[in-house]
Amino acid sequence: MSFYDPTVSRSWTIPKSAFSFNNVMLFLLPATTTLRINIVGQLMAADILVVVLLFTLLARGSITLRQPLLRSILIFYILWVCSMIISDVWNVSPIINLAKGWAMVGLFGVYLIVIFTLADGHRDRLLAAMLGIAVAGILNAFTDNARGAFFDVQWKFGVGNAMTILFAALLMLKGFGRRKAGFLIVLTAPVHLFLGARSVFLRVFLAGALTLFSQRVTSARNRTIAITLFIFILVGGLSLGETIYDQVIRTGVFGEEMLAKHLRQTESGNSILLGGRSESIVSLQAIKDSPILGHGSWAKGPEYRYLYYQLLEAEGFQINWNASYLTRIDTIPSHSILLGTWVENGVLAGLFWAFILYLALRALVAGVLGRRPATSIEFLAIMTLLWDIPFSPFGADRRSTMAVLIAIAAAVIADQHKRISQHGNKT
């Protein structure tokens, strides 16, 4: 089953190759993140599976680190690991915090190597991994870890993204072309707004729009012009989109609760993207206090927690200063993979995620203007990567899903370079 150039046969047939060992394992790695036990933090069934796969692939001699961009990624990853070790030693991190931090980062490295090896640069194989992310997103809504209603909190934090992946996969399976699929996904995006999932709406809308308007550009000269034009359109479009969104929300069409939240987060002149992100302000202060070495794994800082609650109160939230929750959690607040990693493990750790952000931007351009444009599912993966790095925490399941998203971005970039090289050789 092709990930990026579906046929127009309108057939529901799934080829046997879709159930190869690599595809099945790529599906199971994110899908089994829903099964968890607490051992020095949360251990997922996927963590056990990925370690078994690592040794299996080593025994087969399959791991050669020749996969697209993997070596560059691992160089920055090694810098992160070194920075983490030095940070924890310098800050004399408690053993339990050190163990959780090292286990999380170590397992993330294993996921990167295993997923890149299984995919081996083949974009079609990574569809299986995205389907695994979708299944996990739905199953999480029915586990003990679930919080909130299915069409509320669960939709925002997994189900909405999962439904979009499944819908896009069905369109591909049914044989819809790239532009038709993109158009239909754009039409479904407002559903997420009605359900209060603003970030899901943004990612889905952009994924559909980019799929709809992507172009094959073959000439090097035309590609330079097209990339420059695309950057201007993207920046201008986001600014215009923010203005339109602000005006639409103020009509109250998406409900009083979303209107009140929007007004509260933008009343001080903040942009929609940055409004209400008090954790980021606290993280930046923590980075300023220790920019090079960070504060150590699972770093605690009651003074940063106090600042966080002060900022929330300034935004209009009611804070009960005598409540137990104010002191029950004393880790430094962070709701960003990039900032949170920098806070804990220092600047070299943050540099890893800055590099991944750069790769995601390259993948975005390659997907829009490449010789083989990205599909809606690939664009959704790239947009999720661009969103999660600055705006989402590095939670347990993200050590698996982020590795998948990074592999997709790398495959899109590598495929573009491969086709340019082949075209150059022909000419």
- Task: Measure across Val24 and Phe19 and return the closest heavy-atom pair with its distance rounded to 0.1 Å.
- Result: CG2-O, 3.7 Å
- Classify the angle between the aromatic ring planes of Trp155 and His192 as parallel (below 30°), tilted (30 to 60°) or perpendicular (above 60°). tilted
- Query: With sequence neighbours excluded, what pairs up with Ser93 under the side-chain hydrogen bond (donor to acceptor under 3.5 Å, both in side chains) test?
  - Reply: Asp88
- Look at atom CZ of Phe183 and say whether more than 12 heavy atoms of other residues, nucleotides or ligands are closer to it than 6.0 Å. no
- Task: For the residue pair Phe352 and Thr341, establish whether any side-chain heavy-atom pair is separated by less than 4.5 Å.
- Result: no
- Side chain of Ser83, backbone of Asn345: donor and acceptor closer than 3.5 Å? yes
- Message: Any non-hydrogen side-chain atom of Val404 less than 4.5 Å from a side-chain atom of Tyr111?
- Response: no
- Item | Donor-acceptor contact below 3.5 Å, side chain Thr164 vs main chain Gly160 | yes
- Note on the structure: Rounding to 0.5 Å, atoms CD1 (Ile75) and CZ (Phe355) come to a distance of 8.5 Å
- Query: Hey, what do you get for CD1 (Ile48) to CD1 (Ile37), rounding to the nearest 0.5 Å?
  - Reply: 5.5 Å
- Message: Using modelled atom types and a 3.5 Å cut-off, is there a donor and acceptor pairing between side-chain atoms of Arg123 and backbone atoms of Val412?
- Response: no
- Under the 3.5 angstrom rule, does the side chain of Glu378 hit a backbone N or O of Thr375 as a donor-acceptor pair? yes
- Query: What are the two closest non-hydrogen atoms of Leu405 and Ala381, and how far apart are they?
  - Reply: CD2-CB, 3.6 Å
- Message: Between Trp298 and Leu98 (side chain of the first, backbone of the second, donor and acceptor by atom type, cut-off under 3.5 Å), is there such a pair?
- Response: no
- Message: Could you measure the distance from the CZ atom of Phe394 to the CE atom of Met104? Nearest 0.5 Å is fine.
- Response: 5.5 Å
- Determine whether Phe167 and Ile185 make a side-chain contact, defined as any pair of heavy atoms from C-beta on separated by less than 4.5 Å. yes
- Can you tell me if Ser280 uses its side chain to pair, donor with acceptor, with the backbone of His335 under 3.5 Å? no
- Query: What's the verdict on side-chain contact (heavy atoms from CB on, under 4.5 Å) for Phe213 and Val368, showing C-alpha distance, side-chain angles and the deciding distance?
  - Reply: CA-CA 8 Å; Phe213 294 109; Val368 174; over 6 Å; no
- Ile287: which of Val347, Leu339, Ile292 passes side chain to side chain contact (heavy atoms under 4.5 Å, CB included): Leu339
- Message: Looking at Phe108, I'd like to know if its CZ atom is crowded, meaning that more than 12 non-hydrogen atoms belonging to other residues, nucleotides or ligands lie closer than 6.0 Å.
- Response: yes
- Item | Distance-minimising heavy-atom pair for Ser199 and Trp387 | CB-CZ2, 3.3 Å
- In this structure, CE of Met383 is separated from CG of Leu206 (nearest 0.5 Å) by 4.5 Å
- Message: Can you give me the closest heavy-atom contact between Pro68 and Ala410, atom names plus distance?
- Response: O-CB, 3.8 Å
- Close side-chain approach of Val51 to Leu107, heavy-atom, < 4.5 Å: yes
- Message: Test side-chain contact (heavy atoms from CB on, under 4.5 Å) on Arg36 and Asp397; report intermediate values, then the result.
- Response: CA-CA 10 Å; Arg36 306 178 186 183; Asp397 58 335; 3.6 Å; yes
- Task: Determine, stepwise, if the pair Lys100 / Asn97 fulfils side-chain contact (heavy atoms from CB on, under 4.5 Å).
- Result: CA-CA 5 Å; Lys100 289 192 295 184; Asn97 293 347; 4.1 Å; yes
- Message: Between Asp47 (side chain only) and Met44 (backbone N and O only), is there a donor and an acceptor less than 3.5 Å apart?
- Response: yes
- Message: Using every non-hydrogen atom in the two residues, find where Leu118 and Met25 come nearest and quote the distance to one decimal.
- Response: CD1-CB, 3.8 Å
- Message: Given the ring of Phe21, does Arg60 sit roughly above its face, with NZ or CZ under 6.0 Å from the centre of the six-membered ring and within 45° of the axis?
- Response: yes
- Under a 4.5 Å cut-off applied to non-hydrogen side-chain atoms, are Ile356 and Phe76 in contact? no
- Message: So, taking the atom named CG in Leu29 and the one named CG in Leu49, what distance separates them when rounded to the nearest 0.5 Å?
- Response: 5.0 Å
- Task: Side-chain contact test, heavy atoms from C-beta onward, threshold under 4.5 Å: evaluate it for Met130 versus Ile408 and give yes or no.
- Result: yes
- Item | Trace of the side-chain contact (heavy atoms from CB on, under 4.5 Å) decision for Tyr77 with Trp80 | CA-CA 5 Å; Tyr77 173 76; Trp80 177 7; 4.0 Å; yes
- Task: For the pair Ser87 (side chain) and Leu293 (backbone), establish whether a donor and an acceptor sit closer than 3.5 Å, ignoring hydrogens and angles.
- Result: yes
- Item | Side chain to side chain, Leu210 and Leu364, heavy atoms closer than 4.5 Å | yes
- Considering non-hydrogen atoms only, spot the tightest contact between Glu344 and Ala299 and give its length. OE2-N, 4.2 Å
- Task: Taking the side chain as every heavy atom from C-beta outward, state whether Leu126 and Ile377 have any atom pair closer than 4.5 Å.
- Result: no
- Before accepting this row, confirm whether a basic side-chain N of the pair Asp388/Arg398 lies closer than 4.0 Å to the acidic partner's carboxylate O. yes
- Any donor-acceptor N/O pair, Tyr308 side chain to Ile281 backbone, under 3.5 Å: no
- So how far is it from Ile165 CD1 to Thr384 OG1, rounded to the nearest 0.5 Å? 7.0 Å
- Task: Could you tell me whether the side chain of Ser336 and the main chain of Ile389 form a donor-acceptor pair under 3.5 Å?
- Result: yes
